[in-house]
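Note sheet for the following structure.
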Amino acid sequence: MRIEELSLPGTYLITPDRIPDARGTFYEAMRSDALEEATGVVFRPRQINYSVSRRHTLRGIHSVRIPPGQAKYVTCVRGALRDVVVDLRIGSPTFGMHRVNTLDAESGRSVYVPEGVGHGFLALTDDACICYVVSTTHVPGTQIDINPLDPELDLPWDCPQPPLISDKDATAPTVAEAVRAGLLPRFDKAGTP
């Protein structure tokens, strides 16, 4: 398993070691001990969520207020998607910056998203299924939604047609509006909210 830090502090791309044979392929999708050893991150899963999306569906950008906060370990278990993480931590050296990765069932790659970093994706295939292993259970009223089409973020969705997007995401505030409303977490000198 290869674990590499991405350009946003505390965000990691995890690429499993795949073991193929005549029957198919085996790999370890997540090992919290390996993540902790490589990064110092202690990740204890509390809930597992799935979403299934049609091609050209755009979901996000989502995060959770701190407290309770919520780290995510995100994997595409069927199909493929363009995965985007956005640093929403005020005071972070990479505030407002993003990182794009392609996650697909074939590679088994995952992204670890720390508290305070927003997440979204565009489904590149029909019936794309994403799995979110998260560090806290859902607490109503704590979700942070940022408009994924915020012109200041200028995220490279590269969708060949208008994306399928929920009303909630389409009418979510921009990053600037979320800052003014006091919705976003702060980033301390240690690199965590």
Side-chain angles (χ1 to χ4, degrees), residues 1-19 26-51 59-77 80-122 129-139 142-146 148 153 155 175 178-179 183-193:
M1 177 175 287
R2 286 189 328 272
I3 300 173
E4 61 181 285
E5 188 166 22
L6 299 175
S7 54
L8 307 182
T11 307
Y12 296 90
L13 180 66
I14 299 93
T15 304
D17 296 323
R18 300 170 57 81
I19 304 168
F26 171 85
Y27 61 91
E28 294 175 334
M30 189 192 101
R31 290 203 33 187
S32 58
D33 62 332
L35 184 66
E36 184 173 357
E37 184 178 315
T39 67
V41 169
V42 177
F43 182 70
R44 291 194 174 84
R46 298 287 191 245
Q47 184 172 320
I48 298 175
N49 305 318
Y50 291 89
S51 71
R59 295 184 189 254
I61 299 295
H62 301 147
S63 189
V64 173
R65 290 189 182 144
I66 301 172
Q70 187 175 79
K72 301 174 182 178
Y73 193 97
V74 181
T75 308
C76 181
V77 296
L81 51 95
R82 181 168 297 115
D83 191 81
V84 175
V85 289
V86 179
D87 196 339
L88 300 176
R89 301 167 294 186
I90 295 172
S92 167
T94 57
F95 177 76
M97 296 175 73
H98 66 273
R99 174 66 191 256
V100 179
N101 294 286
T102 299
L103 302 184
D104 56 28
E106 179 66 26
S107 72
R109 278 188 304 269
S110 301
V111 173
Y112 174 79
V113 184
E115 292 182 355
V117 172
H119 176 263
F121 69 89
L122 177 74
C129 183
I130 187 170
C131 174
Y132 305 85
V133 178
V134 296
S135 64
T136 58
T137 58
H138 175 68
V139 178
T142 62
Q143 178 134 347
I144 297 170
D145 299 315
I146 300 296
L153 287 177
L155 300 174
V175 169
V179 168
L183 299 176
L184 303 182
R186 298 213 54 87
F187 183 85
D188 70 12
K189 292 178 184 173
T192 59

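Scope of the values below: all heavy atoms of this structure, side chains included, with no hydrogens, waters or symmetry mates. No experiment lies behind these values; they were computed from the predicted model shown.
- Note that the CG atom of Leu6 and the OG1 atom of Thr11 stand 6.0 Å from one another [nearest 0.5 Å].
- If you run side chain to side chain contact (heavy atoms under 4.5 Å, CB included) between Val86 and each of Leu155, Leu8, Thr94, only Leu155 comes through.
- Of the inter-residue distances, the one linking Leu184 atom CG with Leu88 atom CG reads 5.5 Å to the nearest 0.5 angstrom.
- Relative orientation of the Tyr112 and Phe43 rings is perpendicular, given thresholds of 30° and 60° on the angle between their planes.
- The OG1 atom of Thr39 sits 13.0 Å away from the CD atom of Glu4 when rounded to the nearest 0.5 Å.
- In this structure, the side chain of Tyr73 does not engage the main chain of Pro45 through any donor-acceptor pair within 3.5 Å.
- Side-chain N or O atoms of Thr142 include none that pairs as donor or acceptor with a backbone N or O of Arg65 at under 3.5 Å.
- The backbone N or O of Glu106 lies less than 3.5 Å from a partner atom in the side chain of Arg18, making a donor-acceptor pair.
- No hydrogens or angles considered: nothing links the side chains of Gln47 and Thr137 as a donor-acceptor pair under 3.5 Å.
- The CZ atom of Arg109 lies 10.5 Å from the OH atom of Tyr27; values are rounded to the nearest 0.5 Å.
- The aromatic rings of Tyr132 and Phe121 sit tilted relative to each other, their planes meeting at an angle between 30° and 60°.
- At least one donor-acceptor pair under 3.5 Å links the side chain of Asp17 to the backbone N or O of Met1.
- Within the 3.5 Å criterion, the main-chain N or O of Glu115 finds no donor-acceptor partner in the side chain of Gln70.
- The structure places CD1 of Ile61 at 12.5 Å from CD1 of Ile144, a figure rounded to the nearest 0.5 Å.
- Going from atom OG of Ser63 over to atom CG of Leu183 covers 11.0 Å, rounded to the nearest 0.5 Å.
- In this structure the side chain of Tyr12 never reaches within 4.5 angstrom of the side chain of Pro114, judged on heavy atoms.
- Side chain of Arg82 to backbone of Val100: no donor-acceptor contact under 3.5 angstrom is found.
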